[in-house]
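Notes to accompany the following structure.
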Amino acid sequence: MLVIRKQQIQEFIARSENELIDVVREAIRKAVKERVHVYDDPQLNEMLKVGIARAKSHGLTAAEDIAGFVAIMFEVAPRFDEVAEIRAVLEDERFPPDLRFEQLFQRLSDEPWIEAGKKYDDTFWFPEKAV
């Protein structure tokens, strides 16, 4: 019986950082098109590099988890992970990072998400343009 490990699947999905950006960009364009339609691919790619790095800083490695994390950054707020309750789930070392990400949707009430949304800051993506 052939067994394909999750890591092998992930390598097939995105074998390089550029391929990961491509995968995430396509997912983001579909998931949050109202937030990203104004950006061309080069602009969005620069934004995605920031988001991917932030997702990886929480230990996420699976392309779908990284894409989901970045989608939340666009949909809710780029710094959503700085809200105390959200950060607590993402840092809960009782669980591996991929399960922590899943638990964001199981363990949290609406309040932390609402709090994060109130802090949406477009200048996060392009700090050099902030005045």
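Just so it is clear, the model here is predicted, and its values are computed rather than measured. Computation of the quantities below employed the complete heavy-atom set of this structure, encompassing side-chain atoms and omitting hydrogens, waters and symmetry-equivalent molecules.
Within the 4.5 Å cutoff, no side-chain heavy atoms of Glu102 are placed close to those of Phe95. Side-chain contact between Phe80 and Lys119 is absent, with no heavy-atom pair separated by less than 4.5 Å. Annotation: side chain of Met73 is not in contact with side chain of Met47 (no heavy-atom distance under 4.5 Å). Using a 4.5 Å heavy-atom cutoff, the side chains of Leu48 and Phe74 are in contact. In this structure, the side chains of His58 and Val89 stay at 4.5 Å or more apart for every pair of heavy atoms. Counting only heavy atoms from C-beta outward, the side chains of Lys56 and Leu20 approach each other to under 4.5 Å. Contact of the Arg100 side chain with the Arg107 side chain is not registered, since no non-hydrogen atoms from C-beta on lie closer than 4.5 Å.
Seen from the ring of Tyr120, Arg35 counts as a face-on cation partner, given the 6.0 Å and 45° thresholds.
Contact detail for Trp125 and Pro78: the closest heavy-atom pair is NE1-CG, 3.5 Å. Contact detail for Ala116 and Ala77: the closest heavy-atom pair is O-CB, 3.2 Å. Contact record, Pro112 with Glu85: CG-CB, 3.8 Å, taken as the closest heavy-atom pair. Ile52 and Val70 make their closest contact through N-CG2, 3.8 Å (heavy atoms, listed as atom of the first residue, atom of the second, distance).
Checked by atom type and distance alone, the side chain of Arg29 pairs as donor or acceptor with a backbone atom of Val36 at under 3.5 Å. One N or O on the side chain of Gln43 and one on the backbone of Asp40 form a donor-acceptor pair closer than 3.5 Å.
Using a 4.0 Å cut-off between a side-chain N of Lys or Arg and a carboxylate O of Asp or Glu, Glu46 and Lys49 qualify as a salt bridge.
Linking ILVMFWY side-chain heavy atoms closer than 4.5 Å, directly or via other members, places Phe105 and Val83 in a single hydrophobic cluster. The same ILVMFWY cluster, assembled from side-chain heavy atoms under 4.5 Å apart, contains both Phe126 and Leu44.
Ring geometry for Phe69 against Phe101 counts as tilted: the plane angle lies between 30° and 60°, on a 0 to 90° scale.
Here Glu64 contributes atom CD and Asp98 contributes atom CG; the two are 9.0 Å apart, rounded to the nearest 0.5 Å. A distance of 10.5 Å separates CG of Asp92 from CG of Leu99, quoted to the nearest 0.5 Å. Remark: Leu90 CG to Ser57 OG distance equals 9.0 Å, nearest 0.5 Å. Put simply, CD on Glu115 and CG on Asp110 are 13.0 Å apart, with the number rounded to the nearest 0.5 Å. In this structure, the separation between CZ on Arg25 and CG on Asn18 is 9.5 Å, given to the nearest 0.5 Å.
In this structure, Glu93 places its CD atom where only 12 or fewer heavy-atom neighbours from other residues, nucleotides or ligands lie under 6.0 Å away.
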Candidate pair Lys118 and Trp113, rule side-chain contact (heavy atoms from CB on, under 4.5 Å), full reasoning: CA-CA 9 Å; Lys118 290 178 182 177; Trp113 298 108; over 6 Å; no
side-chain contact (heavy atoms from CB on, under 4.5 Å) between Asp81 and Arg87, intermediate numbers included: CA-CA 5 Å; Asp81 55 332; Arg87 186 176 60 247; 5.8 Å; no
